[in-house]
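Heavy-atom basis, side chains included; hydrogens, waters and symmetry copies ignored. What you see is a predicted model; the values in this text were computed from it and never measured. Throughout, a chain's letter reflects where its sequence line sits, starting with A, and its residues are numbered from 1.
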Protein chains: 2
Amino acid sequence: MKGKPTSFDIAHHAGVSQSTVSRALRGSPLVSEETRKKVAEVARKLNYKVDKNASNLRAQQSSTLAVLLYEDPTTDDSQINPFFLSMLGSITRACAKEGYDLLVSFQSSSNDWHVDYAESHRADGIILLGYGDYIDYRPKFERLLATKTKFVCWGACVDGRPELTVSCDNQLGGSLVADHFIDLCRTDCAFIGDTSHHSPEFSARFQGFETRLQAHGKHVSERKIATAISTEESGYQATKSLLANNITFNALFGASDLIAIGAIRALQESGLRVPQDVAVVGFDDIPMARFCTPQLSTVQQNTTVAGQMLVDNLLNLISEQEIDLNKSILPPKLMLRQSSQ
Amino acid sequence: MKGKPTSFDIAHHAGVSQSTVSRALRGSPLVSEETRKKVAEVARKLNYKVDKNASNLRAQQSSTLAVLLYEDPTTDDSQINPFFLSMLGSITRACAKEGYDLLVSFQSSSNDWHVDYAESHRADGIILLGYGDYIDYRPKFERLLATKTKFVCWGACVDGRPELTVSCDNQLGGSLVADHFIDLCRTDCAFIGDTSHHSPEFSARFQGFETRLQAHGKHVSERKIATAISTEESGYQATKSLLANNITFNALFGASDLIAIGAIRALQESGLRVPQDVAVVGFDDIPMARFCTPQLSTVQQNTTVAGQMLVDNLLNLISEQEIDLNKSILPPKLMLRQSSQ
DNA sequence: CTGAAAGCGCTTACAG
DNA sequence: CTGAAAGCGCTTACAG
């Protein structure tokens, strides 16, 4: 027996057939307790592990999920949005808990490898994450649907397939921020992000924010909206451009924490104090939010819960069980810190 | 042909044998250009993808690497050290470039799954990352060596097997910080981290720091060293404990950025100004370092290069090629920012 | 350059 | 409860 032992080796040493070894190790109820113990004992002694490739091939499944992190094409290599890295951590844990391995790929929206994962039987299902341009996503959704690939998507909805989405209640999150600004009597608001359908999460946050302001007879002036993708630099530039045009405001809602952190830098550079002159609130609650100065108020999305929801829903999809749409919406939570006192 | 097409389907449609399909798709030189084209065309049309489980089983390899992120057991779920997340990103990219998939697992140092990855043929090799306790690692190294698992380790050395380690030149990094403090005439130094063999990276940083100070007739007083693991909270507490004992210093070297950021919080809470009263330098250059206030001076470890080195070395190990030890050491780079002017 | 055949190491009907 | 047998979909000697 050179090389790794096989189930035949175990069978031989345990004095049973190879089929019985397989059954015993998989916990089949068809095996007597005595036999199971004997097999387990020999397997442990010989340091035997079931060959995943063989078992996956035979069983026609992989016990593996894949996570695909789409990034804005402009984002530099090392600068992955920390929010998605937190998500990745919680997804990993959720997978481990369910006995699944996790393949990870970070990719720009240009290539098409994601389809491969499922079609080449490397993964049973796919989790899509990212703050990329939603318009770029849609053909990919079509492709995934056409190949009957099982997938769930964070944030962005697939048309007419709500069961494929897990998302924060972005609209509610936006309205929490509006309520907070109203409490502070800071209703001359700027919004930095994207209000278009290129970015469904950002625009939902804006909608919730705007709708609540309007309920109080206020609104965000068109001029006080600047477009940014989810990076510190983009938030900085967008805010700069507002300030360069002498546009004033006493509160600023950044569609993500990175945007808000960039906005604070721009404000401070222009001699504006946060929160005295401008109250700032972000979205995500990345670790950095607690450590920047002033500490950033933000809307928290609980990544531990979100990761578990994504994995749960995907596994339900794979096993063709009903999806509970109520378990697909993550409640946001306003975290008040120094930037909006 | 219901379900996914197989190589036999392609063979049938292309009018060749199944062996030829396999050869054509794998780019074998034994296939004529004409045949190759025909096969590729049919495969594309039928949306055929090679079944990875079958090809892996047959070829006895997986084209997959696994990365295991060990964490300090005290670290909370969502609080993965951002440095390792950056590493993860670059490792992912490096793997993709080499045509390998990447399995990811975050785990506490208690369990033993890592051995599984290789033994169950799920991965051809393993990358170990983490700021965990080195003493806990050693039995795991033994196990990996005993099972002839191919692996590389970030930071910590495996005894007598330098080819298994990829690491920053931590000692050089520490000496750069010492040089900088000497330039600033701030030689009454504190060190927050771990100088023991539980943490080889931190202690190498300290050694480099201390040795250089001694070359200038200075040194770090035993009393001014406080032990911390790599979290903001731990850095905060350790610094607090120094201050509570009325221990003074005009420079502080945090063994990691998170430690340094926690230290700054403790200093500021005690009314000490950074950098006026205490100059602070960290290690890693996590994204947060640029955004905290004051911006943190630190020793950068280039994660893009580091990830590529880890993957390159592991692939060389797998293909049993010589490892160039010079390509296993990452040069550190001092990044000067506001916290140590 | 191509094809027929063996076999990678399992899981799972089928028969007892 | 157990065993003998088929077969998952490939890769790769072997023969031509």
key: Value in whole Å for how far the P atom of D:dT12 lies from CG of B:L57   = 12 Å
request  = Could you check which of D:dC10, C:dT11, C:dC1 has an atom nearest any side-chain atom of B:Y48?
outcome  = D:dC10
inquiry  = Please determine whether a side-chain nitrogen or oxygen atom of A:T35 lies at a distance below 4.0 Å from atom OP1 or OP2 of D:dC1.
reply    = no
message = Check the phosphate of C:dG9 against A:S7, side-chain N and O only, distance under 4.0 Å to OP1 or OP2. Yes or no?
response = no
ask   = For the pair made of CG in B:D51 and P in C:dG9, what is the distance, rounded to whole Å?
value = 17 Å
task = Give a yes/no answer on whether the side chain of A:S55 brings an N or O atom under 4.0 Å of OP1 or OP2 in C:dC10.
result = no
Contact under 4.0 Å: A:R26 side-chain N or O vs C:dT12 OP1/OP2 = yes
task = Can you tell me the distance, in whole Å, between the CG atom of B:L30 and the P atom of D:dC14?
result = 14 Å
ask   = If you check the A:V31 side chain, which of D:dT2, C:dG3, D:dG9 turns out closest?
value = D:dT2
note = Heavy-atom nearest nucleotide on DNA chain C taken for A:S19 and for A:A54; more 5' hit belongs to A:A54
request  = For A:E33, look at atom CD and say whether over 12 heavy atoms of other residues, nucleotides or ligands are found less than 6.0 Å away.
outcome  = yes
message = Checking base pairs now: Watson-Crick or wobble, both atom distances under 3.5 Å. What partners C:dC14?
response = D:dG3
inquiry  = Counting only side-chain heavy atoms from C-beta out, which of D:dC8, C:dC10, C:dG3 sits nearest to A:F8?
reply    = C:dC10
Distance, rounded to the nearest Å, where B:N53 contributes CG and D:dT11 contributes P = 12 Å
inquiry  = Assess whether a salt bridge exists between A:K37 and A:E34, defined as any Lys/Arg side-chain N lying under 4.0 Å from an Asp/Glu carboxylate O.
reply    = no
ask   = Rounding to a whole Å, what distance do you find between B:D9:CG and D:dG9:P?
value = 9 Å
key: salt bridge (Lys or Arg N to Asp or Glu O under 4.0 Å) between A:D101 and B:R122, worked out   = CA-CA 9 Å; A:D101 286 332; B:R122 283 182 292 182; 2.7 Å; yes
query = Is the shortest side-chain N/O distance from B:R58 to OP1 or OP2 of C:dG7 below 4.0 Å?
reply = no
task = Inspect the contact between B:K45 and B:E41 and indicate whether a charged nitrogen and a carboxylate oxygen are less than 4.0 angstrom apart.
result = yes
request  = Considering only atom C1', compute the distance from C:dT12 to C:dG16 and round it to an integer number of Å.
outcome  = 16 Å
note = Taken to the nearest whole Å, NZ/A:K52 to P/C:dC8 is 21 Å
request  = Identify which nucleotide among C:dC10, C:dC8, D:dG9 has an atom closest to any side-chain atom of A:T6, counting heavy atoms from C-beta outward.
outcome  = C:dC10
query = For the pair made of CD1 in A:I10 and P in C:dT11, what is the distance, rounded to whole Å?
reply = 13 Å
ask   = Out of curiosity, A:I323 CD1 to A:S328 OG, how far, rounded to the nearest 0.5 Å?
value = 6.5 Å
key: For atom CD of A:Q61 and atom P of C:dT11, their distance in whole Å   = 10 Å
message = Is the phosphate of D:dT11 approached by B:S22 (side-chain N or O, under 4.0 Å from OP1 or OP2)?
response = yes
ask   = Less than 4.0 Å between a side-chain N and a carboxylate O, is that true for B:K140 and B:E142?
value = no
task = With DNA chain C as reference, determine whether A:N56 or B:Q18 sits nearer its 5' end, using the nearest nucleotide of each.
result = B:Q18
key: Side chain of B:R23 (C-beta onward), nearest among D:dC8, C:dC1, C:dA4   = C:dA4
